[in-house]
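Just so it is clear: chains get the letters A, B, ... in the order the sequence lines come, proteins before strands, and each one is counted from 1. What's counted below: heavy atoms across the whole structure, side chains too, no hydrogens, waters or symmetry copies.
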Amino acid sequence: MSLLKIINLHKRFGNLYVLRGVNMEVEKGEVVVIIGPSGGGKSTLLKCINMLEPPTEGKIILDDIDLTAKGVDLNKIRQRIGIVFQQFNLFSHLTALENITLPLRIVKKVPKEEAEKIAIKYLKKVGLEEEFASYYPHQLSGGQQQRVAIARALAMNPELMLFDEVTSALDPERVKEVLNVMEELAREGMTMIVVTHEMGFAKEVGDRVIFMDGGVIVEEGKPEEIFTAPKHPRTRQFLSMIL
Amino acid sequence: MVGIGQFDFNLFIKILPDLARGALVTLKFSSLSILFGLIIGTIFGVFRIIKNPILPKIAAAYVELIRGTPLLVQIMIVYYGLPAAGINLPPEVAGVLALSINSGAYIAEIIRAGIQSVPKGQMDAARSLGMTYFQAMRYVILPQAFRNIFPALGNEFIALIKDSSLLSVIAIAELTRTGMQIYAVTFNAWTPLLGVAMFYLMMTLPLSKLVERFQRRIGGHESP
């Protein structure tokens with residue numbers, strides 16, 4: 001059974017028509033990589049999945065719950081969906097540790113000491129030693145900030161992780177350390193939807209690749225199919241430009 | 001008898017304790033008012049940006065009404081006007097009320113700007129972790145907003161210390177009124193008024209230095 005089902009999703013911002021009927025399903029444990037040109041609706045799709053952007057039309061179904069239905073407790077649902085952003089979005093007035101413990105404490109009501117233990121555990125998981133716990137975001141490199149952001153999302157124990165171009169704002173030499181964390185996460189069986197321009201990651205880690213353009217899914221398939229024998233001319237054109 | 005325009009050093013020394021007492025009253029009224037003004041201003045500042053059909057309009061009307069009328073008139077309305085509506089307030093209460101409502105409007109604008117200075121991604125991140133709008137405001141947005149607007153709030157406090165001199169019209173024995181009373185008794189204007197000015201400076205100068213230092217600190221390592 002699929003963990004996530006998106007049915008006929010449309011999103012409009014005033015006159016701007018960003019998503020024009022997206023249908024997709026994601027199985028438990030699957031890693032879906034979304035590629036495509038900027039402005040194709042990839043990021044908006046991710047923000048619709050956790051309802052940060054309410055869809056104009058269509059349904060988002062997580063584990064039999066329709067998130068677009070009235071009366072759904074979105075704050076509860078969002079605990080099950082982690083998202084990591086391009087701009088990290090760490091809380092700049094809090095230390096790395098506090099960034100992780102704050103949501104644990106006020107959303108999940110975890111006691112302070114336990115929250116700190118969980119935070120340290122996840123910081124280590126993303127390769128950050130305990131000494132970084134007391135650092136403020138501006139004292140960390142982009143790659144370190146992004147790993148704290150991943151740890152913050154993971155600490156909430158989500159069933160689904162969304163990654164929105166998480167390496168696009170990083171210095172080239174910092175990209176690998178973030179991708180490695182994501183690769184390990186995929187190996188452990190986390191269900192992931194990854195919007196990225198890192199084609200190497202898409203090929204090696206993705207179970208399925210989706211090419212989006214103009215607010216629709218143009219083509220999808222196994223990475224080797226998409227990258228070696230794309231069927232649609234738009235996919236071919238996009239890949240020829242970036243590979 | 002000393003002439004009206006002469007500075008009398010002996011008188012100056014003699015009235016220092018009275019002026020100091022007046023300065024303390026000034027400080028008390030400004031502190032109470034900035035405190036209540038902060039509460040009022042935070043509520044209305046949040047109202048201004050909240051997604052709601054009515055609250056932003058109410059907040060905007062309040063801000064325009066207060067900023068568009070003189071504080072002196074507001075003080076007199078609260079003290080002389082409200083009794084006509086059956087509400088009698090002691091001058092101290094009327095004074096704090098008028099000053100709080102007044103500074104609340106200016107602080108609401110400062111808070112609104114402060115909230116808008118926090119990048120939108122902070123709210124996205126907070127909500128995506130399951131926080132309610134209120135929790136995100138309380139734990140993520142407002143702490144950062146306050147850090148950004150601390151200098152502006154300091155300046156507002158300085159302005160309030162000076163503006164509280166208008167409370168002298170409703171017979172509150174704050175610094176300015178104390179000075180005027182000494183003038184009325186001694187017929188010497190220079191001595192008490194220079195003393196009054198000196199005491200205001202003793203309150204405002206350290207504060208503006210503090211604000212300046214804070215501004216530098218924020219400018220020093222503002223995170224993206």
Name the region of [X], side chain, backbone, both or neither, that has any atom closer than 4.5 Å to a heavy atom of chain B.
X	result
A/Leu52	side chain
A/Ile81	backbone
A/Leu90	backbone
A/Lys47	side chain
A/Phe85	side chain

Handout entry: Verdict with supporting geometry, A/Glu114 and A/Lys108, salt bridge (charged side-chain N to carboxylate O under 4.0 Å, His left out)
Key = CA-CA 11 Å; A/Glu114 202 190 324; A/Lys108 289 205 157 175; over 6 Å; no
Completion exercise
Most heavy-atom pairs under 4.5 Å with chain B, out of A/Arg152, A/Arg80, A/Gln87, belong to A/Arg152
Handout entry: Closest-packed option against chain B by number of heavy-atom pairs under 4.5 Å, given A/Ile106, A/Asn50, A/Ile83
Key = A/Ile106
Practice task
Would you check if there is a donor-acceptor pair between the side chains of B/Thr69 and B/Gln74 at a distance under 3.5 Å?
Solution key: yes
Problem - B/Phe134 atom CZ: more than 12 heavy-atom contacts under 6.0 Å - result: no
Completion exercise
OG of A/Ser168 to CD of A/Glu198, rounded to nearest 0.5 Å, is 7.5 Å
Fill in the blank from the handout: If you tally heavy-atom pairs under 4.5 Å between each of B/Lys120, B/Gln135, B/Met123 and chain A, the highest tally belongs to B/Gln135
Handout entry: B/Glu174/B/Arg177 under salt bridge (charged side-chain N to carboxylate O under 4.0 Å, His left out): CA gap, chis, key distance, verdict
Key = CA-CA 6 Å; B/Glu174 44 67 68; B/Arg177 189 174 175 87; over 6 Å; no
Practice task
Considering only heavy atoms, give the residues of residues 136-146 of chain B separated from chain A by less than 4.5 Å, sorted numerically, with 'none' for an empty result.
Solution key: B/Tyr139, B/Val140, B/Pro143, B/Gln144
Practice task
Please report the C-alpha distance between A/Lys124 and A/Glu129 in whole Å, then the side-chain angles of each, then the deciding distance to 0.1 Å, and finally whether the salt bridge (charged side-chain N to carboxylate O under 4.0 Å, His left out) criterion is met.
Solution key: CA-CA 6 Å; A/Lys124 284 193 174 142; A/Glu129 289 308 309; 5.6 Å; no
Exercise for the section: Test A/Asp171 against A/Arg174 for salt bridge (charged side-chain N to carboxylate O under 4.0 Å, His left out), laying out the working first. Expected result: CA-CA 5 Å; A/Asp171 294 332; A/Arg174 294 291 187 174; 5.7 Å; no
Practice task
Can you label the angle between the A/Tyr135 ring and the A/Phe132 ring as parallel, tilted or perpendicular, going by 30° and 60°?
Solution key: perpendicular
